[in-house]
Amino acid sequence: MVAQLPFGSAAELRHAYEQVDWSATALGALEGWPRALRRALELALETRFAILICWGPDLEMVYNQAYADMIGDKHPAALGRPVSEVFAEAWDDLAPLFAQARTGEAVSFEDMPLVMDRHGHPEETYFTFSYSPVRDDDGEIAGVMDIAAETTRQVQDHRRLELLTRLGDLASELQPPAELARKALDVLSTAPVDLPDVDLQLPGGDTRLPPPPAALQPRQVLVQEAGAGDGAGHLAWVRIPAALGGDSPGVLAVRLNDQVPLDADYRDFVRLVAATVGDALSAAASYEAERRRADLQQWQAQRLAGLVAVAQALPTVETEDDVLKILGRGAAGLLGADGIVLGLLEEGTLRVRGDERDPAVSALGAALRGTPVVSDDGVTAWPLWVGDRVIGALGLSWRRPRDLSAEDTDLVTALAASTAQALDRARATQAERTAAAAVRTMAETLQRSLLTSAPQPEHLETAVRYLPAAEHAQVGGDWHDAFLTAAGAACLVIGDVTGHDQDAAAAMGQVRNLLRGIGYSLEVSPAAALSALDRAMRDLGVGALATGILATVEPLEGSATWRLRWSNAGHMPPLVVNPDGTAELLRTAPDLLLGLEAGFVRADHVHGLAPGATVLLYTDGLVERRGASLDEGLTWLAETAGGLSGLGPEELCDRVLELVAGHAEDDVAVLAVRVRP
């Protein structure tokens, strides 16, 4: 009987089933299993999604390879055993859900937390799943089917990103380091799952957790088992890096959650927490240093009124050019200088900002040694110090020789100090904005690229897939979408925004969301919906061009035939795979691209669909190949899909993409929908 089950390439799973003495279980020998149970198991074995079938009064377990992989060390002993025994540690949470499904009411959860023992120890896990009743040959509910996907990594990544974002916001608060450290601990205390206990061990401060048992190297995460009296769990230490150079401001000590695997991701998260805290402390230290300098200069306010004005203006600048402009006005007013230049040290090379013909340029190099240069011919250069390093030099020149008085020296010294801090702050601000913009752009692009899964109406089977291009790692504008309108009609969308970069992906998100909103709320034809999208793109300033198809699949009243109605905006023609193995490209005169002309009148097209027919929508990456014409690619697709007519939408999408994986020159999005036979 086991030999007749469709295990496919899952040889280990087949062996596991063969090793079970089924006659000793409540399910009994396989040859005596009800047909409904066998059919359900065969369905599970032929899908790649994790599926569990629990049968009989005690809900004995059978499942496929994906489910076996998901439950870890519980397999293969779980085969034929009651689910309440296999998942005893989580049964209090699961029992009501199984009970509800056995009443005939399906139940589903997203990201449900469960403490599981899959590898010899309790482990934090999250699952998205659906429990559905399974009926026996007489139509009575005899079991429950569980279709599940583990989302532990996604949930952990999301909550850790939220914590890092809140920590990063502290860097923008101007406050003393001690106060910022207290606020950082308050933020860290909101993450008890990843950081059950946390301590910032700063010089001169109190500590609650033990200090590191050994010297820490940069970026090292030192982990050891907690000793007697230290509480349960592992302890970890990592140096808090100084964002602007210098010595580390301290150590981050954390007690780790033993229910979260101590893997590279957990270590990287602890390391990122320390780095983010270090950024905030460095910003606070810079603010504290600036405040102290302001206090020192306050008593010189009358004599140095002009310098104070310059010092007040410099913190507002954002570029090196702005620093030079303010210095030009200040140096002329304070010292009567005729010329001013900046020499900036970058990777050992001196770069001059200002007039390179200015006489002061000749003295900049000598000032980089850290000592002011004063010549008899009206030239002086002052080093620009930030902490214990020289980042450049400030050069001043006069048309006639100038002897600097003690007051002049004080003025130039203060001017150089303010200039150095302004330059360092401008660089840090620019680097921070660049990094923040890159992270924000990546997050937004990735978020928009998370294409939704397809709905499964009662009479339709729908599948969607996305395959990145093989020859580059750029994101693009290909997308698929499938949703039900407010009236319950199935809407299918395939599209491609021009371009292959993050801007194209961002524009794709805008166009997709606009079309989804229009398609959901407006009871209009596909052509009218695309025309409304044209107008929305124009009126809302979505500066993008895109090809696309919007289609609906609806039954014809009084007939077994279904109707495909679509409008094509410059896109590849839909492909219909009939139950008899014939494939038909629905070629029409395509309308203009989306976003090209808001007043363009678009056309609807209609095609009848027999039960069992499949409609395949796709982007051009599926059929375009170097050295081959587009017609050749379309012909290849029709012949290939015709030979796969017996497959469901999921298998059809997978098989077609397998044939182009590894050599697709463009991103590929596909959508398949079949009228259930």
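Residue numbers count from 1 along this sequence. All values below were derived from every heavy atom in this structure, side-chain atoms included, with hydrogens, water molecules and symmetry-related copies excluded.
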Minimum heavy-atom distance [X]-[Y], with the two atoms named:
X: R267; Y: V223; answer: NH1-CG2, 3.8 Å
X: E123; Y: P261; answer: OE2-CG, 4.1 Å
X: N64; Y: A44; answer: ND2-O, 2.9 Å
X: V20; Y: A16; answer: CG2-O, 3.3 Å
X: V670; Y: H480; answer: O-CD2, 4.1 Å
X: A68; Y: L13; answer: CB-CD1, 4.5 Å

ask   = With Y67, which of I53, I51, D146 fulfils side-chain contact (heavy atoms from CB on, under 4.5 Å)?
value = D146
Going by distance alone, is a donor N or O of one side chain under 3.5 Å from an acceptor N or O of the other, for [X] and [Y]?
X: E105; Y: T103; answer: no
X: T190; Y: R166; answer: yes
X: H234; Y: D258; answer: yes
X: D478; Y: Y466; answer: no
X: T619; Y: D496; answer: no

What's the separation between atom [atom1] in [X] and atom [atom2] in [Y], rounded to the nearest 0.5 Å?
X: R255; Y: R208; atom1: CZ; atom2: CZ; result: 9.0 Å
X: Y618; Y: L575; atom1: OH; atom2: CG; result: 6.0 Å
X: T552; Y: R565; atom1: OG1; atom2: CZ; result: 5.0 Å
X: L484; Y: L460; atom1: CG; atom2: CG; result: 9.0 Å

Could you tell me whether [X] and [Y] have a side-chain N and a carboxylate O separated by less than 4.0 Å?
X: D58; Y: R81; value: no
X: K74; Y: E89; value: yes
X: R159; Y: E124; value: yes

Taking atom [atom1] of [X] as the centre, does the number of heavy atoms from other residues, nucleotides or ligands within less than 6.0 Å exceed 12?
X: R676; atom1: CZ; answer: yes
X: D92; atom1: CG; answer: no
X: R48; atom1: CZ; answer: no
X: E12; atom1: CD; answer: no

Pair R563-E557, salt bridge (charged side-chain N to carboxylate O under 4.0 Å, His left out): steps then yes or no = CA-CA 10 Å; R563 178 181 67 182; E557 293 185 7; over 6 Å; no
task = Mind telling me whether W22 and W33 have parallel, tilted or perpendicular rings, with 30° and 60° as the class edges?
result = perpendicular
ask   = Can you check whether V576 reaches N578 side chain to side chain, under 4.5 Å on heavy atoms?
value = yes
task = Kindly write out the residues that satisfy salt bridge (charged side-chain N to carboxylate O under 4.0 Å, His left out) with R271, not counting sequence neighbours, or none if the list is empty.
result = D268
key: R160 charged N/C atom sitting above F269 aromatic ring, 6.0 Å / 45°   = yes
task = Tell me, with the steps shown, if L97 and F109 meet side-chain contact (heavy atoms from CB on, under 4.5 Å).
result = CA-CA 10 Å; L97 308 181; F109 270 90; 3.5 Å; yes
ask   = Given H158, which of E162, Q156, Q154 fulfils the side chain to side chain donor-acceptor pair (under 3.5 Å) condition?
value =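 Only match with H158 under side chain to side chain donor-acceptor pair (under 3.5 Å): E162.
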request  = Compute the centroid of each ring, for F98 and then for Y131, and state whether the two points are separated by less than 6.0 Å.
outcome  = yes
